[in-house]
Amino acid sequence: MGQIVGAALVSHHPGLMQCEEFRVLQGAGSDSDLIPGYARVRERIVAACPDVIVIFDSHWFTTGYHLIDGGAHYSGMYVSDEMPWYLHGVPYDYRGHPELALSVEAVARERGVRARAVLHPDLPRHYPTINVIKQMRLDAWPIVTVSSCQNCETPHFLQSGEVIGEAIRRSSLRVVMLASGALSHRFNGIDWQPNHPRIFHESNVSRPENIESDKRAIEAFREGRHDRILANWDEDYRKRPWEAHGAHYLQMVGALGGAASRHPGTVLSDYENARGTGNVHIWFDTI
């Protein structure tokens with residue numbers, strides 16, 4: 001029987017892909033703590049000995065279906081169409097795992113969940129996948145990326161996660177899941193001036209109430225109280241909103257049991273700003 005041997009919520013913001021000199025300048029003399037945080041997350045991944053890594057990508061927006069990339073191999077040179085002057089020239093070359101993607105589709109069909117595997121080697125890449133692969137050197141493992149379906153509601157994302165969790169259990173695989181995205185995700189305006197000279201400082205997150213909400217979520221994560229997050233989702237976190245309406249987290253926690261999950265989180269980085277959004281790395285022990 002397959003197992004989910006670890007999970008994490010990880011930041012992927014583009015500033016982390018710039019050179020250290022630039023990041024230190026933006027950090028008023030010191031780098032973002034999310035950079036050494038990647039090394040801390042990677043240590044946990046290595047210790048978990050996974051066969052496959054599943055990444056819930058909060059920029060791969062799809063319509064009508066949750067999609068799972070099932071290509072055998074992906075390679076190329078990444079350039080962001082969002083900010084090509086800032087994020088470009090990133091090589092990638094890694095294996096996929098078609099069997100797991102097809103198993104997810106099979107379970108979805110059984111359960112009437114709208115999810116499909118896509119086995120196309122030219123499927124475009126997105127930086128929530130590429131950035132974390134590069135920063136944590138994840139190309140040592142097969143990678144399967146899952147989309148954020150933009151016409152879904154919260155229960156649909158949880159159902160997608162349940163299907164993925166069941167497909168993993170039916171396999172013989174050890175899997176680590178990474179929810180790649182921010183917590184609150186409201187950008188500062190284009191002409192906004194920082195509240196603090198260290199751009200990563202939490203006071204530069206777009207709204208004080210978003211900081212408070214993000215910290216409530218982080219405390220609930222520490223306690224393994226995913227039920228509390230989900231109970232307050234519509235009234236709190238959905239309104240911020242979280243990146244991709246929380247699709248990355250909701251699918252991950254759906255695979256872990258949803259509201260029944262009591263997997264505790266270990267915070268592996270400072271809570272930081274990125275253009276007004278709230279970012280942090282948190283590892284969840286699952287076994």
Side-chain angles (χ1 to χ4, degrees), residues 7-16 26-28 30 32-34 37 56-59 61 82-83 128 148 150-158 161 178-254 258-259 261-284:
L9 177 70
V10 293
S11 175
H12 61 241
H13 76 78
L16 301 175
Q26 292 294 298
S30 60
S32 163
D33 191 54
L34 294 167
F56 298 100
D57 189 312
S58 55
H59 281 217
F61 291 112
E82 179 184 351
M83 46 187 72
S148 298
Q150 62 187 343
N151 59 324
C152 286
E153 301 296 335
T154 300
H156 302 123
F157 293 125
L158 293 170
L178 302 177
S180 181
L183 300 181
S184 63
H185 196 257
R186 187 176 295 276
F187 293 120
N188 290 318
I190 195 168
D191 55 358
W192 169 84
Q193 295 299 311
N195 298 312
H196 192 283
R198 177 171 169 77
I199 200 68
F200 310 121
H201 194 273
E202 66 179 47
S203 65
N204 289 323
V205 170
S206 59
R207 295 180 177 182
E209 57 268 31
N210 285 7
I211 300 171
E212 294 169 6
S213 174
D214 287 348
K215 290 190 170 182
R216 282 195 298 275
I218 291 168
E219 187 56 33
F221 290 148
R222 289 183 194 270
E223 298 173 8
R225 294 302 304 272
H226 300 278
D227 60 327
R228 202 158 70 211
I229 297 283
L230 295 176
N232 294 325
W233 188 262
D234 289 340
E235 292 304 313
D236 190 346
Y237 309 111
R238 177 66 180 81
K239 288 184 176 179
R240 301 299 150 197
W242 280 19
E243 188 161 12
H245 304 310
H248 56 316
Y249 166 71
L250 292 170
Q251 292 183 94
M252 181 186 74
V253 80
S261 170
R262 291 294 182 275
H263 300 96
T266 301
V267 178
L268 295 180
S269 75
D270 291 343
Y271 168 71
E272 293 187 349
N273 162 67
R275 291 190 181 270
T277 71
N279 293 262
V280 68
H281 301 322
I282 302 178
W283 175 266
F284 298 97

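We number each residue from 1, following the sequence as shown.
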Engineer: How about His13 and Ser11: does a side-chain donor come under 3.5 Å of a side-chain acceptor?
Structural biologist: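 There is no such pair (donor and acceptor under 3.5 Å, judged by atom type) between the side chains of His13 and Ser11.
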
Engineer: Rounded at 0.5 Å granularity, tell me how far CG in Asp57 sits from OG in Ser148.
Structural biologist: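 So the CG of Asp57 and the OG of Ser148 are separated by 6.5 Å.
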
Engineer: Kindly compute the distance separating CG (Asp33) from CG (Leu268), expressed to the nearest 0.5 Å.
Structural biologist: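 One finds 9.5 Å between CG of Asp33 and CG of Leu268.
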
Engineer: Do any N or O atoms from the side chain of Asn204 and from the backbone of His196 form a donor-acceptor pair under 3.5 angstrom?
Structural biologist: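 Checked: pair present.
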
Engineer: Between OG1 of Thr154 and CG of Asp234, what distance do you get to the nearest 0.5 Å?
Structural biologist: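 One gets 5.5 Å once the value is rounded to the nearest 0.5 Å.
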
Engineer: Please step through side-chain contact (heavy atoms from CB on, under 4.5 Å) for the pair Glu202 and Glu272, ending with a clear verdict.
Structural biologist: CA-CA 5 Å; Glu202 66 179 47; Glu272 293 187 349; over 6 Å; no

Engineer: First locate atom CG of Leu178, then atom CG of Leu9, and finally report the distance between them rounded to the nearest 0.5 Å.
Structural biologist: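 Spacing of CG (Leu178) from CG (Leu9) equals 9.5 Å.
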
Engineer: Going through the checks in order, is the side-chain contact (heavy atoms from CB on, under 4.5 Å) test met by Asn273 and Phe200?
Structural biologist: CA-CA 5 Å; Asn273 162 67; Phe200 310 121; 5.6 Å; no

Engineer: How about CD on Glu153, more than 12 heavy atoms from neighbouring residues, nucleotides or ligands closer than 6.0 Å, or not?
Structural biologist: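 Counting neighbours around CD of Glu153, 12 or fewer heavy atoms of other residues, nucleotides or ligands fall under 6.0 Å, so no.
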
Engineer: Compare all side-chain heavy atoms of Pro14 with those of Met83 and state whether any distance is below 4.5 angstrom.
Structural biologist: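 Contact flag for Pro14/Met83 side chains = yes.
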
Engineer: Are any of the side-chain heavy atoms of Val267 and Val280 separated by less than 4.5 Å?
Structural biologist: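 Side-chain contact under 4.5 Å: yes.
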
Engineer: Using 30° and 60° as the class limits, which term best fits the ring planes of Tyr249 and Trp233: parallel, tilted or perpendicular?
Structural biologist: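 Ring orientation, 0 to 90° scale: parallel.
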
Engineer: Is a side-chain donor-acceptor pair under 3.5 Å present for Glu243 with Thr277?
Structural biologist: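 There is no such pair between these side chains.
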
Engineer: Taking atom types as modelled, find out whether His248 and Ser180 have a side-chain donor-acceptor pair closer than 3.5 angstrom.
Structural biologist: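 Per modelled atom types, His248 and Ser180 side chains form no pair under 3.5 Å.
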
Engineer: Charged N to carboxylate O below 4.0 Å: is that the case for Lys215 and Glu219?
Structural biologist: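 No, this pair does not count.
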
Engineer: Side chains of Ser213 and Asp236: any donor to acceptor distance under 3.5 Å?
Structural biologist: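 Yes - a donor-acceptor pair under 3.5 Å links their side chains.
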
Engineer: Any side-chain donor-acceptor pair under 3.5 Å between Arg262 and His226?
Structural biologist: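 Their side chains do not contain a donor-acceptor pair, so the 3.5 Å distance test is not met.
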
Engineer: Looking at Arg240 and Glu212, does any basic side-chain N land under 4.0 Å from a carboxylate oxygen?
Structural biologist: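 Between Glu212 and Arg240 there is no salt bridge, as every charged N stays at least 4.0 Å from the carboxylate O atoms.
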
Engineer: Evaluate the side-chain proximity of Glu82 to His59: yes if any heavy-atom separation is below 4.5 Å, no if none is.
Structural biologist: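 Of all side-chain heavy-atom pairs linking Glu82 with His59, at least one is under 4.5 Å.
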
Engineer: CG/Asp214 to OH/Tyr237 distance, rounded to the nearest 0.5 angstrom?
Structural biologist: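 It comes to 8.5 Å.
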
Engineer: Please lay out, stage by stage, how Phe61 and Asn151 fare under the test side-chain contact (heavy atoms from CB on, under 4.5 Å).
Structural biologist: CA-CA 9 Å; Phe61 291 112; Asn151 59 324; over 6 Å; no

Engineer: At what distance, to the nearest 0.5 angstrom, does OG1 of Thr266 lie from CZ of Phe221?
Structural biologist: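 Rounded to the nearest 0.5 Å, the OG1-CZ separation comes to 12.5 Å.
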
Engineer: Counting the benzene-type ring for Trp, do His245 and His185 have ring centres under 6.0 Å apart?
Structural biologist: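 Judged by ring-centre distance (under 6.0 Å), His245 and His185 do not meet the cut-off.
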
Engineer: Just do the side-chain contact (heavy atoms from CB on, under 4.5 Å) check on His263 and Val253 with the steps written out, would you?
Structural biologist: CA-CA 9 Å; His263 300 96; Val253 80; over 6 Å; no

Engineer: Are side-chain N/O atoms of Arg275 and Ser206 paired as donor and acceptor at under 3.5 Å?
Structural biologist: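 Arg275 vs Ser206: no donor-acceptor pair found between side chains.
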
Engineer: Return yes if a side-chain donor-acceptor contact under 3.5 Å exists between Asn279 and Tyr271, otherwise no.
Structural biologist: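 Distance-only check fails for Asn279 and Tyr271.
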
Engineer: For the side chain of Arg186 and the backbone of Val205, is there at least one donor-acceptor N/O pair under 3.5 Å apart?
Structural biologist: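 Not at all, since once roles are kept as given, no pair shorter than 3.5 Å links the two residues.
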
